[in-house]
Amino acid sequence: MTVRPTAHWAVLGKTPQSLDDYDVIGSSTGALSKAEFSDWLKSFSSGTVEPKALPRVAASHFSRGGESWLGLSLQTKPESQDGFHRPYTMTWHVCLRWEQVSKTPISYRALYEALQRKDFSGESPFRLSLRDYDPPRLAGVANATARRAAALLLTGRPVCVVRAELPMEQRLDFLDAVAALLPYGMRSGLAVSTWTNSASRHRIRLSFAEVAPAHGAWELPWERDVPHDLPPEARLYEQELAQYEHDGLTRLIRRLAALGRPLDLDSETDRAEALMRVREHTAISLASSVKQVLPESLDSLARADEVRLHELNAHLSQALDRVTDDDRPAYRDIVKRNLTRLPDRLAGSPTTETFFGILLRLLYGPVLHRHDLENLCLDLGGLREVPRPLARALKAASARCDPLVKLLITYLIGDAGMRQQLLSNMTVEELLHLIGRSRDATVLDSVLRELGGRGDRKEVAQQLHRHRYLVKPISACLGDAGMEHHRSILQLSRGRLLLPGDVKEIFEALDETPPQAFMLAIVAESGRGTGAALLSGLTAHALRQLGLEGPIKREIEDGLTRMTAPALTRALRSPRRLFGGRLPATTSSQTGRIRTVQDSLRRHFPTPLTESDVEAALDRLEHPAPLTDLLAIMAESGPGTAPTLIYWLAHRAVAQLNSRLTAESLADIDQGLQRMTGPRRALPLVWRSHRGQT
């Protein structure tokens, strides 16, 4: 489709035999005045041009009242003389509003060809018949020098091409190609010329000359290496452009032509946007390319075509640094549908190992994470097992992974030696941090075995205390069935049965009420006389959890003191409490509940409560028992009743976990209770009928 924009025009020169200097001797009327044309043309003059450099074509820009214009000039060889018998040149100039130019891309060559066909007479603007923008032609002209010139322009300095013995039209095509390698909007501020006089200062950013000017321009030899190092911004842009050839370069030029928003080469931000736009296109192109190449690579793998797989590896590797997370789901889907088997003869192939290394980065990124390993078995499910090339690729990838992922990789590839070396090189702090992040029982077992073999038990104990005995990670990892792992942690921290001070220290390290499994682990690992410490720890956490303060807290603490005191041989009981009158209640809803339960206890039992009363009161509680009700019973309890409450708490915990506890664990809990509370009449705990069973 032919584009026909409205062009305004001017002619700069002299009339035959005139004694005047160069000036606008004719122009269209309307948008721009003769004086404005004159200022425009003279501001982009490049000095006296040698006859051999004529005709000369130059593109320039102009701004008037906030409106931008793009112009193209043709300076011809002298055909006449002025009044001083000096030959003079004529410059024919056409210009278009940027608003017109930005909607439909226009090349310098198309403007030049249209300009040659026009009759510069009269006073009216005329329409130009411009041929379509031609990305394939521009891609064919864009050589290595054009790429280098486009990259150097993004430094903000002019570029001068030297030592180029080329006809004018070929130079014009080169300028067109350089501009095409930049976002189209940069033409709004880009002045170019097929020739400039290096002895004159000018505003032209890209031109040809005999020698480069001495005022800060880049000197770019034609089709030769630049003898200096490129600035980082130029090097990055040139590297981006160097990835494209033929059809790929055509597509890039077509995309850049669609970026018509004006950009200023003097603006560092706008120059950075040019690099960003090319990188965006690169990412899109590479994503499309990978979608085509990846199925062929998988097919080559299945056919054991190692030669072709090697070629495709090189192509896929170019995309590794440009693949985005948005692309990966599509690649994973391709692998799921096309990865079927690995021929035996490629099992030891370095090419296959390279392919799997590339595949891991394509599907999951440069660094593997835990969820990537979880997905890997699904994505590569067609292999049935981890083949040797994939195992080696995973081992190589593990060097960039965090310790937990490294450890999981050792399980995936079955490398026990690598696993042991990894664990033995880690500090106690790192091992405990590993448990804190893990949700895998196998990992937990390995780390606990490694910790058990460490000689410095004191350091292990200190770190376990700082990590709150890993109560949350183990509970989250294994649920209620993790009692044995909780016990392993307690054994690592002390290496003996727990003493009352140990139990107190453990509860002080916890930031909330421990789960049932951890409480039973403490019971199983406790020595003699630790019941009071266990009950004190549980009570302190319950008070914090409910936010109880003031009188009600003191009543509960007084009850705890009585419960853990030695039992009286004869209980002093009275319908009226012997331990002080009722204290004023607070407005807390939790306190109100406790007061209600206390009143109910007083109506049914004389106070303070004896062991049998506590047992009867506990049996009446709903399941699970509210903390407020337990604290109310504690507040009303008499001396020596702590064992009853401890046994009841253990009974309820075992009832919840019974189906997941072994007979040995049940027996250990029973023995621990006997040590904690001393010999006493045993409550009818549920596990007594399961002794010796699993």
Side-chain angles (χ1 to χ4, degrees), residues 498-510 512-514 516 518-519 522-523 526 528-568 571-573 577-583 585-586 588 590-591 593-602 605-618 621 625-653 672-673 675-678 680 683:
L498 301 177
L499 302 177
D502 299 329
V503 175
K504 179 182 178 182
E505 183 180 303
I506 290 169
F507 274 97
E508 288 175 348
L510 305 181
E512 61 184 40
T513 303
Q516 302 277 36
F518 187 65
M519 186 194 74
I522 292 177
V523 171
S526 286
R528 296 188 181 279
T530 51
L534 174 67
L535 199 55
S536 296
L538 291 173
T539 304
H541 281 285
L543 291 173
R544 284 201 299 270
Q545 181 177 334
L546 298 178
L548 297 177
E549 296 290 344
I552 194 66
K553 179 182 179 183
R554 289 195 294 274
E555 285 188 43
I556 294 168
E557 290 174 342
D558 289 345
L560 174 64
T561 301
R562 291 192 301 275
M563 293 184 80
T564 56
L568 299 176
L572 301 177
R573 295 153 61 79
R577 298 184 60 211
L578 300 179
F579 295 93
R582 289 296 301 272
L583 294 171
T586 67
S588 166
Q590 305 288 4
T591 301
R593 170 70 179 180
I594 293 174
R595 293 300 192 201
T596 299
V597 176
Q598 284 181 285
D599 290 340
S600 176
L601 289 172
R602 266 198 220 87
F605 306 100
T607 56
L609 303 177
T610 64
E611 285 189 88
S612 60
D613 296 336
V614 170
E615 182 179 342
L618 290 170
L621 296 182
L627 281 177
T628 52
D629 296 9
L630 292 175
L631 293 177
I633 293 174
M634 183 178 294
E636 297 296 323
S637 293
T641 54
T644 302
L645 179 56
I646 293 172
Y647 264 70
W648 184 88
L649 290 172
H651 177 275
R652 283 297 178 96
L673 280 170
R675 291 193 299 271
M676 293 182 81
T677 60
R680 63 185 307 278
L683 291 176

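The structure displayed is predicted, hence computed values, not measured ones.
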Are the side chain of T561 and the backbone of E557 linked by a donor-acceptor contact shorter than 3.5 Å? yes
Rounded to the nearest 0.5 Å, how far does CE of M634 lie from CG of D629? 12.5 Å
Mind listing the closest non-hydrogen atom pair of W648 and A625 along with its distance? CH2-CB, 3.7 Å
CE of M563 to CG of L609: how many Å apart, nearest 0.5 Å? 8.5 Å
Distance col, row T591:OG1 vs E549:CD, nearest 0.5 angstrom, shows 10.0 Å
Beyond-backbone contact of L618 with L649, side-chain heavy atoms, under 4.5 angstrom: no
Go through L560 and L535 one step at a time and tell me if the side chain to side chain contact (heavy atoms under 4.5 Å, CB included) criterion holds. CA-CA 8 Å; L560 174 64; L535 199 55; 3.9 Å; yes
Do T610 and F605 have side-chain heavy atoms sitting under 4.5 Å apart? no
Which atom of A653 lies closest to which atom of M519, heavy atoms considered: CB-CE, 3.8 Å
Which pairs count as side-chain hydrogen bond (donor to acceptor under 3.5 Å, both in side chains) when at least one residue sits in residues 531-545, sequence neighbours excluded? T513-Q545, H541-R544
Any donor-acceptor N/O pair, R675 side chain to S526 backbone, under 3.5 Å: yes
Interatomic distance, T628 atom OG1 to I556 atom CD1 [nearest 0.5 angstrom]: 9.5 Å
For the student: nearest non-hydrogen atoms of S637 and R562, plus distance: O-NE, 2.7 Å
Side-chain contact, heavy-atom cut-off 4.5 Å: L631 with L548? yes
Return yes if a side-chain donor-acceptor contact under 3.5 Å exists between T644 and E611, otherwise no. yes
A632 versus L601, closest heavy-atom pair with distance: O-CD1, 3.9 Å
G529 to P500 - nearest heavy-atom pair and separation: O-CG, 3.5 Å
Dump the intermediate steps for side chain to side chain contact (heavy atoms under 4.5 Å, CB included) on T607 and D613, then the final yes or no. CA-CA 9 Å; T607 56; D613 296 336; over 6 Å; no
Are any of the side-chain heavy atoms of V523 and I646 separated by less than 4.5 Å? no
Please report the interatomic distance CG(L538) to CG(L630), rounded to the nearest 0.5 Å. 10.0 Å
R602 vs D599 side-chain heavy atoms within contact, under 4.5 Å: yes
dist Q590:CD -> L546:CG (nearest 0.5 Å) comes out at 5.0 Å
Apply the test side chain to side chain donor-acceptor pair (under 3.5 Å) to residues Q598 and R595: give CA-CA distance (whole Å), side-chain angles for both, the deciding distance (0.1 Å), then the verdict. CA-CA 5 Å; Q598 284 181 285; R595 293 300 192 201; 3.1 Å; yes
Does any non-hydrogen side-chain atom of D502 lie less than 4.5 Å from one of T530? no
Where do R528 and M676 land on the side chain to side chain contact (heavy atoms under 4.5 Å, CB included) test, with the steps shown first? CA-CA 5 Å; R528 296 188 181 279; M676 293 182 81; over 6 Å; no
What closest approach, in Å, do P608 and G638 show between heavy atoms, and which atom pair accounts for it? CB-CA, 3.5 Å
After noting the C-alpha distance and the side-chain angles of T641 and I633, does the key distance pass the side chain to side chain contact (heavy atoms under 4.5 Å, CB included) rule? CA-CA 10 Å; T641 54; I633 293 174; over 6 Å; no
